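Let me begin by presenting the structure, written as structure tokens, before commenting on it.
These numbers were taken from a predicted model, which means no experiment stands behind them. When a ligand or atom number is given, it counts from 1 through the structure's own listing order.
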Amino acid sequence: MSPAGAAPPVTTAAPVTALDQARVLLTGLPEPVLLVDDDKRIRLANPAAAELLGPALEGQGALLVIRQPEQVAALERALSGSPGERQEARLLLTTAAGETIYRMVVHRLAEAHGLRGVLISFLDISHVEEAEQMRRDFVANVSHELRSPLTVLSGFIETLQGPARDDASARERFLAIMAQEARRMNRLVSDLLSLSRLEANERIRPRERVVPAEVLRATVAALRPLIEDSGIQLEIDDATAEASVPGDRDQLVQVFHNLVENAIKYGGAGGRVTVTLRTHPRWPGILGEALSVCVADAGEGVDPIHLPRLTERFYRVDSHRSRQMGGTGLGLAIVKHIVNRHRGRLAIDSERGRGSRFTVILPRG
Ligand SMILES: Nc1ncnc2c1ncn2[C@@H]1O[C@H](COP(=O)(O)OP(=O)(O)OP(=O)(O)O)[C@@H](O)[C@H]1O
Ligand SMILES: [Mg+2]
């Protein structure tokens, strides 16, 4: 404050305009923002807008950057609207990194200090749309998976009520198939429940200590009938000396069960499945000591193009074959979630014709 009676200091700087004030505020905003006047000229573009739409935007016509008809229409509507009104449009940008979807919001500003125009902001909604798409796919997949056994069941019910009513041998056969389809639906539903429970507690790391070698032996014992039926030689090569890890026993049973079952079902042609357990002083991406469990088969392997997608829900390389074997394609998705909950890693390597190796690496501390 100037002392009483003294003349105010003389300044030659230009008066601060509304645009200058807006610039100060908008520069710090992480979202891209443009200020466009009534002549559709860009008066201000913050650094995020320059990053998104290119440099030297100020002074250019807005229609040079806003070109898709839906966005132009939103801009026109906003310019002829009243202050406070907002219009929206979608903007799809394709870059080398992929497609990004923005929600463009055009907000009519109240006139201030001679500046009339609209504020355009761009909000990246790609992940929201992606999540929405995943949800839709998921519902479609579940419905599809449930529909096939249901169709079989209702078909047989009709046959049993009609043509096969008095055919005792047909009844036996049909009931066996119906029981199998009902089991399939049951498995699908319990796998789905298992997944949603896992998602709910994925952030809570298990605390009890379990011995993976013991869990594996118990799992293999439960799988004995399947192993014997398939005529496969299963070998456990364990050098962990009963080492323990913080783990959830039931969940580790699920992990080993699915990996060994997969090795038998899809890698059985090799005639041999080997499970190797090792401890490691360190492992990339794991804090402290680690313990690995590797399930290897000598079967036909997986084409590399499928590998990144194997842990997606419902993803099957050969869905017909997997379905015939009673699989729903949820096993590896469950494995991945369980391994994540244990702060571990899942490594998959496979070569067509040479077999596959699924390795679970668990931190020991
Ligand atoms: N050891 C393996 N060798 C070759 N392909 C495999 C192997 N393990 C898994 N796969 C492929 O990965 C797909 C997904 O496996 P996943 O365990 O998630 O589902 P699934 O076995 O089909 O069904 P589910 O486990 O729910 O019974 C399988 O359908 C199969 O195509
Ligand atoms: Mg499986």
Side-chain angles (χ1 to χ4, degrees), residues 134 137-138 141-149 180-199 216 219-220 222-223 225-227 229-236 250-276 292-341 346-360:
M134 273 171 72
D137 288 351
F138 181 69
N141 275 324
V142 173
S143 317
H144 178 76
E145 291 298 329
L146 282 174
R147 184 174 292 148
S148 358
Q180 187 187 335
E181 293 300 315
R183 270 197 299 275
R184 211 178 129 67
M185 284 170 69
N186 214 338
R187 259 201 62 188
L188 175 67
V189 174
S190 47
D191 280 356
L192 285 171
L193 281 175
S194 190
L195 261 176
S196 83
R197 265 198 304 271
L198 264 169
E199 273 173 341
L216 179 77
T219 313
V220 167
L223 278 166
L226 177 72
I227 297 170
D229 279 356
S230 61
I232 280 162
Q233 193 79 18
L234 186 127
E235 204 175 283
I236 298 181
D250 290 345
Q251 291 189 344
L252 290 181
V253 167
Q254 283 189 64
V255 168
F256 299 153
H257 183 105
N258 188 57
L259 294 184
V260 173
E261 185 190 59
N262 280 353
I264 296 167
K265 284 200 300 192
Y266 311 110
R272 173 181 289 272
V273 171
T274 315
V275 189
T276 312
S292 66
V293 180
C294 173
V295 181
D297 63 63
E300 56 200 65
V302 185
D303 200 298
I305 58 161
H306 296 292
L307 288 186
R309 300 197 57 192
L310 281 193
T311 56
E312 279 176 28
R313 292 160 188 215
F314 298 113
Y315 192 84
R316 289 171 289 205
V317 174
D318 177 349
S319 52
H320 178 69
R321 189 170 147 218
S322 157
R323 203 172 288 142
Q324 267 187 337
M325 296 188 181
T328 50
L330 291 174
L332 287 174
I334 294 176
V335 166
K336 196 187 79 180
H337 277 287
I338 295 177
V339 171
N340 283 348
R341 187 181 169 220
L346 172 67
I348 308 178
D349 45 294
S350 182
E351 220 180 301
R352 249 194 114 52
R354 310 278 304 264
S356 315
R357 291 193 311 157
F358 290 76
T359 313
V360 172

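Residue contacts with ligand 1 for Y315 involve N, CA, C or O but no side-chain atom from C-beta outward (heavy atoms, distance under 4.0 Å). Contact annotation for V317 and ligand 1: heavy atoms of both the backbone and the side chain come within less than 4.0 Å of the ligand. The side chain of D297, and not its backbone, has at least one atom closer than 4.0 Å to an atom of ligand 1 (non-hydrogen atoms only; side chain from C-beta on). Contacts between E300 and ligand 1, counted as non-hydrogen atom pairs separated by less than 4.0 Å, are absent for every part of the residue. Counting heavy atoms closer than 4.0 Å to ligand 1, residue T311 contributes nothing at all. Using a 4.0 Å cut-off between heavy atoms, K265 contacts ligand 1 through its side chain alone, with no backbone atom that close.
Between R316 atom CZ and L330 atom CG the span is 8.0 Å, to the nearest 0.5 Å. Here the CG atom belonging to N340 is positioned 10.5 Å from the CD atom belonging to E199, to the nearest 0.5 angstrom. Taking SG from C294 and CG from D349, the interatomic distance works out to 7.5 Å, rounded to the nearest 0.5 Å. Atom OG of S194 is separated from atom CG of D250 by 10.0 Å, given to the nearest 0.5 angstrom. For the atom pair CD (E181) and OG (S148), the distance works out to 8.0 Å, reported to the nearest 0.5 Å. Atom CD of Q254 is separated from atom CG of L198 by 6.5 Å, given to the nearest 0.5 angstrom.
Side chains of I348 and T311 form a contact here, defined as non-hydrogen atoms less than 4.5 Å apart. Inter-residue side-chain proximity for L310 and V317 is flagged as met; some heavy-atom pair is nearer than 4.5 Å.
For ligand 1, the polar-atom distance check finds no N/O of G327 at less than 3.5 Å from any of the ligand's N/O atoms. Considering both main-chain and side-chain atoms, Y266 comes within under 3.5 Å of ligand 1 through a nitrogen or oxygen pair. Checked by distance only, ligand 1 and T328 come closer than 3.5 Å through their nitrogen or oxygen atoms. The shortest N/O to N/O separation between L332 and ligand 1 falls below 3.5 Å.
Protein N/O/S atoms closer to the Mg ion (ligand 2) than 2.8 Å number 2 in this structure.
Counting heavy atoms only, G329 comes closest to atom 23 (O) of ligand 1 of the residues A263, G331, G329.
When hydrogens are left out, the protein atom nearest atom 29 (O) of ligand 1 is R316 CG, 3.3 Å; that is the closest non-hydrogen contact.
Short contacts between ligand 1 and R187, defined as distances under 4.0 Å to a heavy atom of the residue, involve ligand atoms 24 (P), 26 (O), 27 (O). For ligand 1, the atoms lying closer than 4.0 Å to a non-hydrogen atom of N258 are 17 (O), 25 (O). For ligand 1, the atoms lying closer than 4.0 Å to a non-hydrogen atom of F358 are 1 (N), 2 (C), 7 (C), 8 (N).
Checking side-chain atoms of R313 against main-chain N and O of L195 turns up no donor-acceptor pair under 3.5 Å.
Within 6.0 Å of the CZ atom in R352, the count of heavy atoms belonging to other residues, nucleotides or ligands exceeds 12. The environment of R357 atom CZ is sparse: at most 12 non-hydrogen atoms of other residues, nucleotides or ligands sit within 6.0 angstrom.
Closest approach of L188 to E145, counting heavy atoms only: CD2-CB, 3.7 Å. Across all their heavy atoms, T328 and F314 have their closest contact at O-CD2, 3.4 Å.
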